[in-house]
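Note that these values count all heavy atoms, side chains included, but never hydrogens, waters or copies made by symmetry. Note that this is a predicted model, so its numbers are computed, not measured. Every number for a ligand or one of its atoms is a count from 1 in the order of the listing.
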Amino acid sequence: MAEKIFLSPPHMGGSELRYVKEVFESNYIAPIGAFIDRFEASVAAYTGAKHALALSSGTAAIHLALRVAGVGRGDKVLASTFTFIGSVAPILYQGAEPVFIDSDESWNLDPHLLAEAIEKQKPKALIVTHLYGQSAKIAEIAAICENEGVVLIEDAAESLGALYRGRHTGTYGRFGIYSFNGNKIITTSGGGMLVGQGKEDIARAKKLSTQAREETLWYEHTELGYNYRMSNVLAAIGVGQMEVLPERIAKRREIFGWYRELLGDIEEIAWMPEVEGSRGNRWLTTLTFASADPMKIIRALAQESIESRPLWKPMHMQPLFKNAPVYGGMVSERLFAKGLCLPSGTALRKEDIEKITSIVRRAL
Ligand SMILES: *Cc1c(COP(=O)(O)O)cnc(C)c1O
């Protein structure tokens with residue numbers, strides 16, 4: 001039996017275990033310690049974000065961004081409908097009301113629908129996702145939010161290292177978030193980072209992430225907080241992973257290139273675009289079929305122990321959000337019906353991609 005090929009498994013660089021050993025030797029096996037500071041500094045330096053806060057997950061980072069932005073019961077929050085649940089569940093944690101916005105030809109949020117939704121809904125914030133590592137039209141989106149006084153939160157969970165006009169995704173908004181879950185481009189097994197331009201915003205998020213403890217010797221609490229800090233052990237893994245991030249992005253882009261080279265002649269296939277002026281990290285190679293059923297391809301690959309998946313099911317189609325308003329919807333519905341994510345792990349070799357593409361070709 002050939003070894004199973006996963007969609008996007010973890011890929012350690014080389015320094016991670018040494019750093020974790022350092023944590024053990026210092027006995028800082030806690031949510032404090034030198035590696036947390038190093039990991040935050042390294043993500044801030046790499047992305048150009050002014051301030052960074054290491055957290056237990058990307059979802060926690062989005063929740064804190066909403067809290068610090070003052071989003072609460074009855075507030076409306078706009079969000080990309082074509083995204084993963086972690087992006088929008090925190091809207092419900094806050095008792096706020098999600099309003100979903102469809103994608104355009106970029107597969108990411110449609111700025112025209114955004115302008116229309118802001119006018120009608122008077123939202124407090126927008127959560128925009130850069131899906132599959134590809135940048136949304138973020139400068140345009142940021143300008144609309146700025147003009148209308150809407151807080152911009154960028155869900156860059158999948159797009160660490162992706163650029164729009166030379167600037168990192170996650171650094172256009174008042175807040176940006178990255179995820180280090182096991183399937184992301186780099187991982188700490190689980191974890192996230194909140195970044196922001198405002199020193200006070202991030203200081204406030206830090207307080208909320210540590211049970212909102214006041215600065216007294218005893219435990220004094222005047223407001224509700226969370227236990228959302230990252231462990232120093234996981235931050236040590238993160239510091240090691242940051243060292244190989246540029247290599248990982250280059251490899252993901254190379255894998256995308258191999259798929260396109262080997263399947264590019266099939267007119268049935270359209271690839272996720274890279275919007276003009278952007279450079280994605282190609283976290284996952286994703287495509288749509290003009291007429292073929294993606295489930296047929298997924299089953300054919302599964303028979304050879306190869307994992308593949310449909311694209312994200314839009315949030316406005318989820319039973320959890322059956323009462324939430326949606327602007328547009330047909331673009332993401334079609335992407336879900338016709339789309340496919342192919343294995344994109346950075347340890348894959350060209351032979352693996354050749355095997356995968358020959359199965360796809362045969363199944364078609
Ligand atoms: C992974 C992911 C998240 C959530 O990150 P976690 O660290 O798993 O909580 C949010 N949004 C998107 C688009 C993601 O892919």
Open item on the list: With ring-ring contact (aromatic ring centres under 6.0 Å, His included) as the criterion, how do Phe321 and His316 come out once you've worked through the C-alpha distance, each side chain's angles and the decisive distance to 0.1 Å?
Closed with: CA-CA 6 Å; Phe321 295 118; His316 73 272; over 10 Å; no
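Atom numbering of ligand 1 starts at 1 in the shown order; those under 4.0 Å from a heavy atom of Ser57 are 7 (O), 9 (O). In the vicinity of Asn181, heavy-atom distances shorter than 4.0 Å reach the ligand 1 atoms 8 (O). Counting atoms of ligand 1 from 1 in the listed order, those under 4.0 Å from a heavy atom of Thr129 are 13 (C). Ligand-side atoms of ligand 1 in range of Ser87: 10 (C), 11 (N), range being under 4.0 angstrom from any heavy atom. For ligand 1, the atoms sitting less than 4.0 Å from at least one non-hydrogen atom of Thr83 are 13 (C), numbered in the order shown with element in parentheses.
The aromatic rings of Phe35 and Tyr19 are tilted relative to each other, their planes meeting at an angle between 30° and 60°. In this pair, Tyr132 and Phe82 present their aromatic rings perpendicular. The plane angle is above 60°, beyond the 30 to 60° band.
Tyr164 has its ring centre no less than 6.0 Å from the ring centre of His130.
Of the heavy atoms in Ala157, only side-chain atoms (C-beta onward) come closer than 4.0 Å to ligand 1. Both the backbone and the side chain of Thr59 come within 4.0 Å of ligand 1, counting heavy atoms alone. Residue contacts with ligand 1, taken as heavy atom pairs separated by less than 4.0 Å, do not involve Ile62 at all.
From the protein, the heavy atom lying nearest to atom 5 (O) of ligand 1 is Ser179 OG, 3.3 Å. At the top of the distance list for atom 3 (C) of ligand 1, counting protein heavy atoms only, stands Phe84 CD2, 3.6 Å. For atom 10 (C) of ligand 1, the closest non-hydrogen atom of the protein is Asp155 OD2, 3.5 Å.
Contact check for Leu126 versus Leu109: side-chain heavy atoms found under the 4.5 Å cut-off. Within the 4.5 Å cutoff, the side chain of Lys124 has no heavy atoms near those of the Val150 side chain. Under the 4.5 Å side-chain criterion, counting only non-hydrogen atoms from C-beta, Ser56 is not in contact with Met230. A 4.5 Å side-chain heavy-atom check between Thr169 and Leu163 finds every atom pair outside the cut-off.
Not one N or O of Trp283 is nearer than 3.5 Å to an N or O of ligand 1, by distance alone. Considering both main-chain and side-chain atoms, Glu158 comes within under 3.5 Å of ligand 1 through a nitrogen or oxygen pair. Among the atoms of Gly58, some N or O lies under 3.5 angstrom from an N or O of ligand 1.
Residue Gly191 places a heavy atom under 4.0 Å from ligand 1. Under a 4.0 Å heavy-atom criterion, Lys184 is in contact with ligand 1.
A donor-acceptor pair under 3.5 Å is absent between the side-chain atoms of Arg174 and the main chain of Ile153, judged by distance alone.
Screening Thr188, Thr187, Ile237 for a side-chain contact (heavy atoms from CB on, under 4.5 Å) involving Glu16 leaves a single residue, Ile237.
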